[in-house]
Amino acid sequence: GEKIMALWGGRFSDAPTDAVFALSRSVHFDWRLAPYDLRSSLSHLKVLRSSSLLQEGVANEIEQALGELITEVASGKFLPIVSDEDVHSALERGLTEKIGATGGSLRAGRSRNDQVATDLKLFTIEHMLEVASSITHLQTARLAKASEYGDAPAPGFTHMQHAQPILFGHEIAKHAQSFARDLERIQDWLVRTNVSPLGSGALSGSGLSLDPAATAQDLGFSSSSANSIDAVSDRDFVAEALFILSLVGVHLSRIGEEWCLWATTEFGWAQVADAYSTGSSIMPQKKNPDMAELARGKAGRLIGNLTAVLAMLKGLPFAYNRDLQEDKEPLFDSIDTLRLVLPAVTGMVATTTFDRAKMLAAAPLGFSLATEIADFLVRAHVPFAQAHEAAGKCVALCEKDGIELDQLSDQQFKSIHSALTPEIRKVLTVQGAIASRVTVGATGPTAFADQMKLATTNLSRLSKVIAAQRKAFSEMMGA
Ligand code: ARG
């Protein structure tokens, strides 16, 4: 095969065997770090130049070649070849092909160890912000759907049994809270992640007059690493990102499960739009909610990627070890997975319609107004335990007679508890029950309107923050 160009040939008399090279090689997956590698090379070059470690002419030559590589990598003109081990060696080959041995000067004071940590951080920051932006689109769709059904009563469930009536908008809006937390998680992950490893060298820092604080600033980081050994071995930012992505996946899977359930013939609440459904190759009548199922199913691989990285990190000693090369594929896969799932779920949510009449008819079933009877008695100063007991007796009587709570006679109510006057009928309605829920965060119309207002304000604030961060990042990359 082609002669392998390793970056460490000097002390070796034998080239790696095919098996060694095959196992070592990462360029087929780490090539997507190339733009970040080139960008951080420009920052490193700046420092080598300003500290006069590189003569002006040489620095100019390298800068010119890096600029060309940036364009050629973006257009696909420059690509890795079979003998390239990883993204760093491929790009150094590119540099030396352009300017000869001078291309090797850029490695001064830098190791692949701090380089790969820097590249991967930049990649992760850019893509976590992209995920955040997709989440804001999902949030917009979800809040719009919640307000569309903000006046539609439906049964609320615990244990998947009818519990108490709620507004269906309240049900839809609940997920906006979990994704809002995910957005906040990404923001505080960013604060911890925003530390530059560049300048840490292989593990001990550098004896050359580098300026890690300056490279950090140049790359948009807020500071440079406080410990060079930690800097090259820390992958907390990968593990944390994978956790956040897993949790986003878990949240999407819970949406998926609800959508599947609501689309069943038995429920018959959700009409998933044709564009977000798939058919069956044998059963002509079928319309399946595959997007919801995939949202549910993909959570598995996201969690798998998180556990793969945690298991790889466990017990890893002393700074860089090659095990760390295993951080990339799980991370890339989780990012790519959410890039697929988020837009599909967003579209599915935005285009699903719900059967208001069916939900309204189901709302009082299963004696879901029994709590209203207990609360009615509490307002009449009956101790709650007795109120609960009396309401339970009402349910038992209904079950025996095969009727609903509002079909009990005045006489029957009175015989169960003397405080159960005919006034009870006022609270035995779905609308009455929902309207009575006035506490903060409750399903009552006023509290629901407040919730929606707050969620909308919050979302627009976060959307602006994320847009500004993405803009700053792409400006840094293009600088
Ligand atoms: N491809 C390696 C990785 O992904 C880059 C760092 C290699 N460093 C080394 N000393 N072998 O982790």
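Below, each value reflects all heavy atoms present in this structure, side chains not excepted, and no hydrogens, waters or symmetry copies. Numbering of ligands and ligand atoms starts at 1, following listing order. One is the number of the first residue; the rest follow in order along the sequence. Treat the numbers as computed from the prediction; the structure is a model and nothing was measured.
Between Phe354 and Trp262, the distance separating the two ring centers is shorter than 6.0 angstrom.
If you check the side chains of Asp355 and Gln271, you find no donor sitting under 3.5 Å from an acceptor.
In terms of protein heavy atoms, atom 11 (N) of ligand 1 is closest to Arg112 NH2, 3.7 Å. Taking atom 8 (N) of ligand 1 as the reference point, the nearest protein heavy-atom neighbour is Asn113 OD1, 3.0 Å. For atom 6 (C) of ligand 1, the closest non-hydrogen atom of the protein is Tyr320 OH, 3.4 Å. The single protein non-hydrogen atom nearest to atom 5 (C) of ligand 1 is Asp86 OD2, 3.6 Å, given as residue, atom name and distance.
Contact check on Arg322 versus Glu85 returns a salt bridge, with a Lys/Arg side-chain nitrogen under 4.0 Å from an Asp/Glu carboxylate oxygen. Comment: Arg339 engages Glu130 in a salt bridge, judged by a side-chain N to carboxylate O separation of less than 4.0 angstrom. Salt-bridge check for Lys121 with Glu126: failed, with every basic side-chain N at 4.0 Å or more from each acidic carboxylate O. In summary, Glu257 and Arg254 do not engage in a salt bridge, as defined by a charged side-chain N under 4.0 Å from a carboxylate O.
Near Ser26, meaning under 4.0 Å from one of its heavy atoms, ligand 1 places the atoms 1 (N). Distances below 4.0 Å separate heavy atoms of Lys328 from the following atoms of ligand 1: 3 (C), 4 (O), 12 (O).
Geometrically, ligand 1 and Gln325 share a nitrogen or oxygen pair separated by less than 3.5 Å.
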